[in-house]
Number of protein chains: 2
Amino acid sequence: MNRAAEYFTRFIKQKNLRMTKQREIVVRVFLGKEGHLGIDELYSLVKKKYPEIGYATVWRTLNLLKEAKIASEVSFTGKKRKYEHLFDHKHHDHLICLKCGRCIEIVNPKIEQLQEKLARQHGFKIRSHRLEIFGFCLRCSGDKNE
Amino acid sequence: MNRAAEYFTRFIKQKNLRMTKQREIVVRVFLGKEGHLGIDELYSLVKKKYPEIGYATVWRTLNLLKEAKIASEVSFTGKKRKYEHLFDHKHHDHLICLKCGRCIEIVNPKIEQLQEKLARQHGFKIRSHRLEIFGFCLRCSGDKNE
DNA sequence: ATTGTTATTGAAAATAGTTTTCAATAAGAA
DNA sequence: TTCTTATTGAAAACTATTTTCAATAACAAT
């Protein structure tokens, strides 16, 4: 069991909730899968290991993970929500290809600094931010049909 | 009729669509209202001027505005979608207060330059981007109960 | 003006995604 | 083992978006 899973267990205890087989599996599967995961995708992955599990349970567990700050929501399109790891993961921004959907994670401290400065100028205290850059990746920008 | 409205009319003609009273009013109301507008809000504003109008028509017109690049979608929460002006409006980023929901529009060319550079390093061709900074505004960060 | 074609409309239904309800079950403390 | 109560899965409810369809209206051609 890794740190994030332990952390989740502690989080559950602290809230006087109970650790169940279902939660354990959902958490394990989620943590074992880097990148962006939709509820449906997570649900079907979990179902392979525990076919009796219900969609609602996966949904609820994902919410708990969010509450525990182990998962965070990312919504590129405004349609289906996706989730990514937050625990033990550095903050990063996203480069998203409009053609193939590929998503590259990027980090740039300078941009973060500028944001901090900009916010200060407006009397703002930053909690988090989200930067998504849309465009065409190397592979796709070579193509004609944009 | 302002430039954006003219542009929309041309866009409509070009696509062999028709200009209707309903579309005219939805466009006028949308353009007359700066900031972030949800479909529901737009619908009720429009209904004041044209009570017979249907939700679907407003929705469809908003889609056309999006297609014409006069409106663009912004989704802070992942819940209800909001729309803002794109035509004749400089690109800007958003500072969003987590407490009162206030949204300040900010512009910073340096951040944009850095993004451009960063994208280039990954062979990416930028089309657009979205930067949202979440935190507490001056008024709200003075309060105790965060 | 009139006509004909077909895009548009409003209301209602359908879809999609998320969230809640509820009776049965199971975790975990005593 | 017993008891309390959180949790579960299935289904229903909800919310927001999108489509369907018959009636209407835009507008090009006459």
Side-chain angles (χ1 to χ4, degrees), chain A residues 5 8-30 36-68 71-83, chain B residues 5 8-30 36-68 71-83:
Chain A
F8 183 71
T9 306
R10 238 177 300 137
F11 172 83
I12 288 291
K13 303 276 176 196
Q14 254 168 33
K15 298 200 72 171
N16 282 324
L17 302 179
R18 294 166 187 180
M19 220 20 203
T20 63
K21 265 201 296 285
Q22 288 93 329
R23 283 180 180 163
E24 227 172 280
I25 290 175
V26 173
V27 170
R28 180 150 31 121
V29 170
F30 176 78
H36 302 116
L37 216 51
I39 300 184
D40 289 348
E41 201 185 344
L42 182 57
Y43 175 52
S44 38
L45 285 173
V46 168
K47 237 173 146 48
K48 284 183 196 160
K49 310 221 171 207
Y50 196 113
E52 317 87 292
I53 206 164
Y55 180 91
T57 301
V58 175
W59 179 82
R60 285 182 285 230
T61 308
L62 205 37
N63 261 30
L64 285 170
L65 284 167
K66 209 165 53 175
E67 213 182 312
S72 85
E73 216 175 290
V74 280
S75 69
F76 297 148
T77 58
K79 276 262 175 182
K80 281 193 184 176
R81 298 179 197 171
K82 301 236 166 189
Y83 297 84
Chain B
F8 182 71
T9 306
R10 239 178 298 136
F11 172 82
I12 288 291
K13 303 280 176 190
Q14 252 167 35
K15 299 200 72 171
N16 280 324
L17 301 180
R18 294 167 187 179
M19 219 25 201
T20 62
K21 264 199 297 284
Q22 287 94 330
R23 283 182 180 162
E24 226 172 279
I25 289 174
V26 172
V27 170
R28 182 152 30 128
V29 170
F30 176 79
H36 301 117
L37 216 52
I39 299 185
D40 289 349
E41 202 185 342
L42 182 58
Y43 176 52
S44 38
L45 284 174
V46 168
K47 238 173 145 45
K48 284 182 195 160
K49 309 221 172 208
Y50 196 113
E52 317 87 293
I53 206 165
Y55 180 92
T57 301
V58 174
W59 180 83
R60 285 183 284 228
T61 307
L62 206 36
N63 261 31
L64 286 171
L65 283 167
K66 210 165 54 175
E67 213 183 312
S72 87
E73 217 173 290
V74 281
S75 69
F76 297 148
T77 59
K79 277 260 176 186
K80 279 194 185 177
R81 299 180 195 170
K82 301 235 168 191
Y83 297 83

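What's counted below: heavy atoms across the whole structure, side chains too, no hydrogens, waters or symmetry copies. Letters go in sequence order (proteins before strands), and every chain restarts at 1.
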Among [options], the nucleotide that comes nearest once only the side chain of [X] is considered:
X     : options               : result
A:A56 : D:dT8, D:dT17, D:dA11 : D:dA11
A:R81 : D:dT7, C:dG10, C:dT19 : C:dT19
A:W59 : C:dT18, D:dT20, C:dA7 : C:dT18
B:L17 : D:dC27, C:dG10, C:dA7 : C:dA7
B:T20 : C:dT9, D:dT7, C:dT21  : C:dT9

Roughly, in whole Å, what's the span from [atom1] in [X] to [atom2] in [N]?
X     : N      : atom1 : atom2 : result
B:E67 : D:dT18 : CD    : P     : 13 Å
B:Y50 : C:dG10 : OH    : C1'   : 10 Å
A:D40 : C:dT19 : CG    : P     : 13 Å
B:K13 : C:dT8  : NZ    : P     : 11 Å
A:E73 : C:dT18 : CD    : C1'   : 11 Å
B:R60 : C:dT8  : CZ    : C1'   : 7 Å
A:I12 : C:dA29 : CD1   : P     : 14 Å
B:Y43 : D:dT18 : OH    : C1'   : 15 Å

Practice task
Check every strand shown and say whether A:R23 touches a base, only sugar-phosphate, or nothing at a heavy-atom separation below 4.0 Å.
Solution key: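 Counting heavy atoms under 4.0 Å across all strands, the contact made by A:R23 is with sugar-phosphate only.
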
Exercise for the section: Identify the residue among B:I39, B:V46, B:L42 that makes a side chain to side chain contact (heavy atoms under 4.5 Å, CB included) with B:Y55. Expected result: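 Exactly one candidate clears the test, B:I39.
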
Practice task
Please indicate whether B:K66 has more than 12 foreign heavy atoms, meaning atoms of other residues, nucleotides or ligands, lying under 6.0 Å from its NZ.
Solution key: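 Enclosed: over 12 neighbouring heavy atoms sit under 6.0 Å from NZ of B:K66.
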
Exercise for the section: Using a cut-off of 6.0 Å, state whether more than 12 heavy atoms not belonging to B:K21 lie near its atom NZ. Expected result: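 Not more than 12 within 6.0 Å, no.
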
Exercise for the section: Using only side-chain N and O atoms of A:Q22, determine if any of them is under 4.0 Å from OP1 or OP2 of C:dA26. Expected result: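 Looking at the OP1 and OP2 atoms of C:dA26, neither is under 4.0 Å from any side-chain N or O of A:Q22.
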
Exercise for the section: For B:N16 and for B:Y55, locate the closest nucleotide of DNA chain C by heavy-atom distance; then report the residue assigned to the nucleotide nearer the 5' terminus. Expected result: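 Result of the comparison: B:N16.
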
Exercise for the section: Tell whether A:R18 reaches the base of D:dT5 with its side chain through a donor-acceptor pair below 3.5 angstrom. Expected result: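 Indeed there is one.
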
Practice task
Mind checking the CZ-CG spacing from A:F11 to A:L17? Nearest 0.5 Å is all I need.
Solution key: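 CG of A:L17 is found 7.5 Å from CZ of A:F11.
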
Problem - Earlier contact from the 5' end, DNA chain D, for B:K66 and B:K21 - result: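 It is B:K66 whose nearest nucleotide is closer to the 5' end.
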
Exercise for the section: Say whether, by atom type as modelled, one donor and one acceptor occur between the side chain of B:R28 and the main chain of B:A5 under 3.5 angstrom. Expected result: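 No; zero donor-acceptor contacts below 3.5 Å.
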
